[in-house]
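Pasting a structure here, questions to come.
We name chains A, B, ... by the order of the sequence lines, and we start the count at 1 in each one. Because the structure is predicted, anything quoted here is derived from the model rather than measured. We use all heavy atoms of the structure for the numbers below, so side chains are in, but hydrogens, waters and symmetry mates are not.
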Amino acid sequence: MNLAEGVQIVSFAILAAMMIGGALGVVLFSNIVYSAFLLGGVFVSMAGFYLLLNGDFVAAAQLLVYVGAINVLILFAIMLVNKREDFSPSANAGLRKLFTGLVSMGLFALLSTMVLVTPWSYSDTPAASQNSIVIIGEHLFSDFLLPFELASVLLLIAMVGAIILARREYLPDQLSTSKLPQTIFTLPERPRELVSTTSITDRNR
Amino acid sequence: MQLQYFLLLAAALFCIGIFGLITSRNAVRVLMSIELLLNAVNLNLMAFSNYLDSTLIKGQVFTVFVITVAAAEAAVGLAIVLAIYRNRDTVDMEQFNLLKW
């Protein structure tokens, strides 16, 4: 990216503040809808970091896949599961949070000392910012061809699995007989308690 | 700009994600924390591919693969959360003990 050094530093600081604040909000807010929208902010700032790191194609993919697909999926899941429940307080929740915070801070200290101590061998060639899409395409169709095809198979398997896991079981006979106008629009669903009884009667018959 | 800034930021994001993964009670929030972890790994990969491997940008290819796997993971994970909610009528992580004695 052909930006001046000062512009890069200022945009890095703004994006870092957005990302850390958003991530803390995702973890610490009690209302989960706020958490989902802040997660979208974290994803957008991550796309900004990718632009700073000369990855324009990956930034576009990040915006499309994370903000456009995963965040919307999470929002739909929150709306489908939207039951306001007060979780029964566990015995030592405060102690657990304190201990987890200590472990996380220790992990961060360990990682940061590793990052700061290690002598990194920088490559001195200039970054290929103009044709990164061409290089990624060449990688995907020459030496990363097998993972590319496996990724497509994985997406197909995930789609079929998600449909099978999340679908409801319809009752077609009840749909055809009920002529009453429905005031509440609910998806017909097989009652859970009756599944075992119907199978038992079928077995007795 | 130095490589260390990006690595420190990714480490901070990873630790925040670990904290949320362990302490949150809502199952959807656990999935959101997993997305934070995957994003931290992606930022590491992108920083390494820019500063250490700027001619063959293999880190960006790995980032694309991680994004793909994250999409599949989010779809299946949210489907599992919906199925559990339909069966147990709760999303509390403390009460998901179906496979535990």
Nearest 0.5 Å, what's the CD1-OG1 distance between A:Ile136 and B:Thr63? 8.5 Å
Given heavy-atom pairs under 4.5 angstrom as the criterion, report whether the side chain, backbone, both or neither of A:Val42 touches chain B. side chain
Under 4.0 Å between a side-chain nitrogen and a carboxylate oxygen: does that hold for B:Lys58 and A:Glu138? no
Indicate, with yes or no, if the rings of A:Phe12 and B:Phe6 have centres closer together than 6.0 Å.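 Yes: the rings meet the under 6.0 Å criterion.
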Apply the test ring-ring contact (aromatic ring centres under 6.0 Å, His included) to residues A:Phe144 and B:Phe62: give CA-CA distance (whole Å), side-chain angles for both, the deciding distance (0.1 Å), then the verdict. CA-CA 9 Å; A:Phe144 286 97; B:Phe62 273 95; 5.4 Å; yes
If one checks every heavy atom of B:Leu21 against chain A at 4.5 Å, the contacting part turns out to be neither
Which atoms of A:Thr113 approach chain B - backbone, side chain, both or neither, heavy atom under 4.5 Å: neither
Under 4.5 Å, counting heavy-atom pairs only, tell me which of A:Leu24, A:Ile164, A:Ile163, A:Leu110 racks up the most with chain B.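 Greatest number of close heavy-atom pairs with chain B: A:Leu24.
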Sub-6.0 Å ring centroid separation between A:Phe148 and B:Phe65: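 When the ring centroids of A:Phe148 and B:Phe65 are compared, they turn out to be at least 6.0 Å apart.
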Under 4.5 Å from a heavy atom of chain A, the part of B:Leu9 involved: both
Quick check on B:Ala70 against chain A: is it the side chain, the backbone, both or neither that has a heavy atom closer than 4.5 Å?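 Both parts, backbone and side chain.
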Identified side-chain contact (heavy atoms from CB on, under 4.5 Å) partner of A:Phe49 from the options B:Asn42, B:Asn39, B:Leu43: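 That would be B:Leu43.
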Could you pull out the closest heavy-atom pair between B:Cys15 and A:Ser104, with the gap in Å?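 Result for this residue pair: SG-O, 3.5 Å.
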Which atoms of A:Phe57 approach chain B - backbone, side chain, both or neither, heavy atom under 4.5 Å: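 For A:Phe57, the contact with chain B is made by the side chain alone.
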B:Ala75 versus A:Leu73, closest heavy-atom pair with distance: CA-CD2, 3.8 Å
Testing the basics here: between B:Leu52 and A:Ser121, what is the closest heavy-atom pair and its distance to 0.1 Å?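 The pair with the smallest heavy-atom distance is CD2-O, 3.2 Å.
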Given a strict heavy-atom distance threshold of 4.5 Å, which part of A:Ile70 is in contact with chain B: side chain, backbone, both, or neither?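 It is the side chain, since no backbone atom gets that close.
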Identify the two heavy atoms, one from A:Leu53 and one from B:Gln60, that lie closest to each other, and give their separation to 0.1 Å.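 Closest pair (atom of A:Leu53, atom of B:Gln60, distance): O-NE2, 4.3 Å.
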Heavy-atom pair with the smallest gap, counting every atom of A:Val27 and B:Gly20: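 In this case the closest contact between A:Val27 and B:Gly20 is CG1-CA, 3.6 Å.
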Nearest atoms (heavy-atom pairs only) where A:Val65 meets B:Ala71: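 Answer, listing the atom of A:Val65 first, then B:Ala71: CG1-CB, 4.1 Å.
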Interface residue of largest heavy-atom contact number with chain A, from B:Ala10, B:Ser33, B:Ala12, under 4.5 Å: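 Among B:Ala10, B:Ser33, B:Ala12, the one with the most close pairs to chain A is B:Ala12.
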Below 4.5 Å from any heavy atom of chain A, which atoms of B:Glu94 appear? Answer side chain, backbone, both or neither.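 Answer is side chain: those atoms of B:Glu94 sit under 4.5 Å from chain A.
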For A:Ser35, is there any backbone N or O sitting under 3.5 Å from a side-chain donor or acceptor partner on B:Arg29?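 Answer holds: no.
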Would you mind checking which part of B:Thr68 comes under 4.5 Å of any heavy atom in chain A, side chain (CB onward), backbone (N, CA, C, O), both or neither? both
